[in-house]
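Throughout, a chain's letter reflects where its sequence line sits, starting with A, and its residues are numbered from 1.
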Protein chains: 2
Amino acid sequence: MWAKMEFFQEQAVTSSDKAFFRLRKEIVEGVIPSGSKLSETELSTKYQVSRAVVREAINRLEACNIVERRANVGARVVSLSPEGLAELYQVREALEGMAARLAALHMSAEEVADLNALLNSQSHEVKSAELYYQEAGDLDFHYRIILGSKNSHLISMLVNGLYHLVRMYRVQLGMAGPRVTSAFDEHKHIVQAISNRDPELAEMLMRRHITYSKNNIEAKLQNSL
Amino acid sequence: MWAKMEFFQEQAVTSSDKAFFRLRKEIVEGVIPSGSKLSETELSTKYQVSRAVVREAINRLEACNIVERRANVGARVVSLSPEGLAELYQVREALEGMAARLAALHMSAEEVADLNALLNSQSHEVKSAELYYQEAGDLDFHYRIILGSKNSHLISMLVNGLYHLVRMYRVQLGMAGPRVTSAFDEHKHIVQAISNRDPELAEMLMRRHITYSKNNIEAKLQNSL
DNA sequence: ATAAGTTAAATTGTCGACAATCTATTGGTT
DNA sequence: AACCAATAGATTGTCGACAATTTAACTTAT
């Protein structure tokens, strides 16, 4: 059912790709704690590759805003903060709102049908409390709309950039599954607007959905700090 | 008067920085034509630096979406197209709209005063038809609002990413100064909304302003193709 | 003559070593 | 004791060479 999640199944062809993916994974999942320094030599011995490939991986992570680098000093994993989270969600609201608007205009009839089918399958699981995949389901929903915008800049910024940071916050604040049913209803309304080819409403609903999501995760952040 | 334009006065500390800035400049200004291939060895001899430096510069340009790279094949300068322009302005509308909204909330009273002063000085030049710096003036206006948002992600995406692409379109389509007076009026209304601390209106006006700007540049693009 | 297979040239990817810069420790001075 | 200067150590930045892959040219067979 979640077979269509091969979205970010980005395949590593070069050695730097592998280092980049591995390093990103370890950072996002907190194996490498946020705020810690990234030593090029240390990582090169740990990953059994040259310093050049580690360096390239770190440069890419810098472009994703996952690490901060200072010339002649080094790179540090970004540190998580309430302000950083708020900024992140403000950008998400802007970009995903636009994505929903464009999706209402550009998604094919088949893609809209698939999106409805996805929601129906999720509806069953929500009712029967099979919430195992709820996080993956949420991701799947958002990814489809982002891709449905057919805007390569939008897609790249969100998929390659922001979403890994969002996941970093989610994972490291340990929020497995909040707000399942209410989020599901919001998803339903968004899809309805897209089905009706109503760009303005789709954008507005998506923005409200993300604002709610922000408030929810911010509340959790208050507790965990 | 335009002294505050040291915004993107990013200073190059490392050798890669210099190569990156130089290469970006040559691409944006069309010295290196869009669509052409970037040979690492060729550039390294041309710039008198190691291939590693050029490589790092190209990687950074890829992160800016100024060049496209394929593993084991090489990098090409992106090619300009009406679709690419439309996508660019859709993202600009989303991000700068949000920037205007946040600027209405977060700009200091002093910053707002400076912004008003900027408009007044420009008003004089518009009336007296001294339009020499009108492009720089437009940039200055937009930059201040972007920085006024106080959102580092937003700032980074626009200043380090999109704006160079926008400028690439502007320069290579040879549009020096369109739409001066009407754009100036739009700027005035946006600043008014920010002065009134009206986020919703500021966002809406900024989005319309960018949409108009898009339509204008798209019309020119029709002629030049 | 066209198409597929093979080989050669050129380009990118990776590596280890050297140079330049920063950080921390040490020693000296007020 | 606090502050500044100099030095030693460690880390990053840059380089040229080698390895792997792709592209092109050339050969050969149908």
Can you list everything that forms a salt bridge (charged side-chain N to carboxylate O under 4.0 Å, His left out) with [X]? Sequence neighbours excluded, please.
X      : answer
B/K150 : B/E111
B/E42  : none
A/E62  : none
A/R197 : none

Set of side-chain hydrogen bond (donor to acceptor under 3.5 Å, both in side chains) partners for [X], sequence neighbours left out:
X      : result
A/S152 : B/E87
B/N215 : none
A/N65  : none

Taking side-chain contact (heavy atoms from CB on, under 4.5 Å) as the test, write out the residues that go with A/A12, two or more places apart.
A/D17, A/K18, A/F21

Are any of the side-chain nitrogens in A/R207 or A/E96 under 4.0 Å away from the carboxylate oxygens of its partner?
no

Kindly state each residue pair satisfying side-chain hydrogen bond (donor to acceptor under 3.5 Å, both in side chains) with at least one member in residues 31-40 of chain B, sequence neighbours excluded.
B/S39-B/T41, B/E40-B/R51, B/E40-B/R55, B/E40-B/R69

So what does the secondary structure string of DNA chain D come out as, 5' to 3', with Watson-Crick or wobble pairs under 3.5 angstrom, [ ] for crossing and | for pairs with another strand?
||||||||||||||||||||||||||||||

If the sugar-phosphate is the primed atoms plus P, OP1 and OP2 and the base is the rest, what is the B/S/- string for nucleotides 6-15 of chain C, using protein heavy atoms under 4.0 Å?
-----SBBBB

Using a heavy-atom distance cut-off of less than 4.0 Å, which residues of residues 61-68 of chain B contact DNA chain C?
none

